Amino acid sequence: MFRAINISKKFNDKQIIGNFSLEVPNNKILCIVGPSGAGKSTLLRCLTGLESADSGEFYLNNNKFNPTNANDKKSTIGLVSQDFGLFPNLTVMENVILAPQLVLKLSKEEAIKKAKKLIRTLNLSGKEKLYPYQLSGGQKQRVAIVRTLAMSPKIICYDEPTSALDPKLSEEVGKILNQLKSNNIMQIVVTHDMDFAKQVADDIITVKPLP
Amino acid sequence: MDYIINIMPSLLSGALITLKVFFWTLIISIPLGIILSLGLTSKFTNKKMLKIFSIKQLIEFYIWLMRGTPLLLQLIFVFYGLPIIGIVFQRYDAALVAFSLNYAAYFAEIFRGGFQSIPKSQYESASMLGLNSWQTTRKVIIPQVLKIVIPSIGNEVINLVKDSSLVYVIGIGDLLQAGNIATARDVTLLPLILVALIYLLLTALCTVVLRRIEKYYSSWR
Ligand SMILES: Nc1ncnc2c1ncn2[C@@H]1O[C@H](COP(=O)(O)OP(=O)(O)OP(=O)(O)O)[C@@H](O)[C@H]1O
Ligand SMILES: [Mg+2]
């Protein structure tokens with residue numbers, strides 16, 4: 001169970017998130033919806049530690065943790081960002097095994113073995129040696145998911161995971177998220193796409209713009 | 001022909017000096033330039049020391065100084081000026097110091113542009129994967145920066161081949177000086193023409209190497 005309690009965030013004296021709380025049980029998907037500019041990405045950035053929340057607390061299985069602390073975050077929380085953030089100088093395989101090698105200290109062989117399994121699961125076999133520019137939007141999306149999964153995070157966050165995809169591919173990504181509902185993984189999805197939300201969500205919360 | 005064979009050894013030993021200055025200047029100034037550019041772009045160097053100036057401002061001042069005064073003046077300053085206050089360099093060391101400090105400033109500006117053109121999202125996804133800032137810089141950022149800056153670095157490298165002839169004013173027997181001596185002694189243009197050919201050969205060589213490097217970096221975009 002992941003819980004965020006009373007999260008607040010201001011930018012330049014403008015309150016964007018005010019005392020917002022959410023919780024995600026193990027093996028569940030929480031969708032966050034809301035109008036553009038409501039602060040969904042900001043909320044996700046606070047949850048993942050890319051912004052530090054002005055106030056609020058985070059608990060993983062009743063243990064307090066601080067997402068802005070690199071050690072707390074390691075293998076705890078992962079983010080698939082809207083622009084995927086793939087490293088253009090690295091191939092698909094290199095993108096996936098970089099952090100497992102450097103951060104989890106896996107040997108190259110172990111990292112590749114783990115990566116291959118995930119690559120197969122996400123239907124990317126044969127793309128290992130390609131660079132990101134050689135991939136379609138949907139393929140990039142899936143590489144970003146594989147790269148995040150390779151770090152074995154407990155909580156996986158997605159910002160607009162279907163914005164670059166056509167309906168058919170969105171459904172594919174939805175299936176992948178549903179497949180991941182195991183091993184006590186918790187998933188948080190920010191989306192505009194109500195069809196997608198209905199497909200994957202166990203719970204939906206709405207972020208409203210603050211006055 | 002005999003004459004050419006006759007003067008070639010002195011020209012070639014001059015060319016060797018030129019190459020040594022060239023090579024060592026690059027070895028020192030490129031890493032130094034990268035470090036300075038990190039200082040220019042990092043948020044850690046903004047802090048004021050003794051409430052007067054920050055490291056960033058210090059680096060900016062240094063770059064302004066190095067790019068705003070002639071390299072020739074800097075060379076003369078290091079070799080003939082500094083001994084007045086007790087800092088004495090051998091000729092060759094003086095040349096390396098002056099060239100490295102000067103070129104590092106140019107490289108720093110080039111790398112600064114490179115670092116600034118990397119989107120913030122690259123740093124963010126690296127941090128989400130747990131990479132520390134050194135790992136991020138080395139594995140993700142530097143390769144992308146290198147790809148961006150190589151054409152500009154190439155220009156400076158070619159300039160350096162030619163600028164190295166300035167060492168002549170502090171009495172180092174480089175390629176140009178060897179040619180000049182032979183021309184004055186034998187009253188013929190031939191040595192100077194040979195000098196020009198050797199410079200052309202060197203810059204052509206640099207161009208080929210640079211093309212290779214560009215090609216190496218062209219496998220991704
Ligand atoms: N770094 C920042 N500095 C200042 N203001 C910011 C910053 N990031 C976001 N904001 C502001 O916070 C508000 C919420 O932005 P956010 O990106 O979280 O919205 P969103 O719900 O994700 O919108 P969308 O659906 O369009 O992606 C916006 O008004 C935005 O201008
Ligand atoms: Mg958003």
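FYI, side chains are in, hydrogens and waters are out, and symmetry mates aren't considered; it's all heavy atoms of this structure. In what follows, chains are A, B, ... by sequence order, proteins preceding strands, each numbered from 1. Predicted model only: the values in this text are computed from it and were never measured.
Within the 4.5 Å cutoff, no side-chain heavy atoms of P67(A) are placed close to those of T48(A).
With chain B as the partner, the residue from L50(A), N71(A), L79(A) showing the most heavy-atom pairs under 4.5 Å is L50(A). Comparing K74(A), R45(A), E94(A) by how many heavy-atom pairs each has under 4.5 Å with chain B, the most go to R45(A).
With sequence neighbours left out, Y216(B) forms a ring-ring contact (aromatic ring centres under 6.0 Å, His included) with no residue at all. W64(B) pairs by the ring-ring contact (aromatic ring centres under 6.0 Å, His included) definition with F61(B), not counting sequence neighbours.
With a 4.5 angstrom heavy-atom cutoff, D83(A) touches chain B only via side-chain atoms.
Annotation: cation-pi geometry satisfied between R147(A) and F87(A) (NZ/CZ under 6.0 angstrom from ring centroid, within 45° of ring axis).
Between F99(B) and Y103(B), the ring planes lie parallel to each other; the angle is under 30°, not in the 30° to 60° tilted range.
For a heavy-atom cut-off of 4.5 Å, chain A lies close to S121(B), Q122(B), E124(B), S125(B), A126(B), S127(B), M128(B), L129(B), G130(B), L131(B), Q135(B), K139(B), V140(B) in residues 121-140 of chain B.
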Less than 3.5 Å apart, which donor and acceptor atoms pair up between the side chains of residues 120-135 of chain A and the rest of the protein, not counting sequence neighbours?
{"unit_1": "T121(A)", "atom_1": "OG1", "unit_2": "K117(A)", "atom_2": "O", "d": "2.7"}
{"unit_1": "E128(A)", "atom_1": "OE1", "unit_2": "G126(A)", "atom_2": "N", "d": "2.8"}
{"unit_1": "Q134(A)", "atom_1": "OE1", "unit_2": "Y131(A)", "atom_2": "N", "d": "2.7"}

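Between the side chains of N102(B) and R67(B), no donor N or O sits under 3.5 Å from an acceptor N or O.
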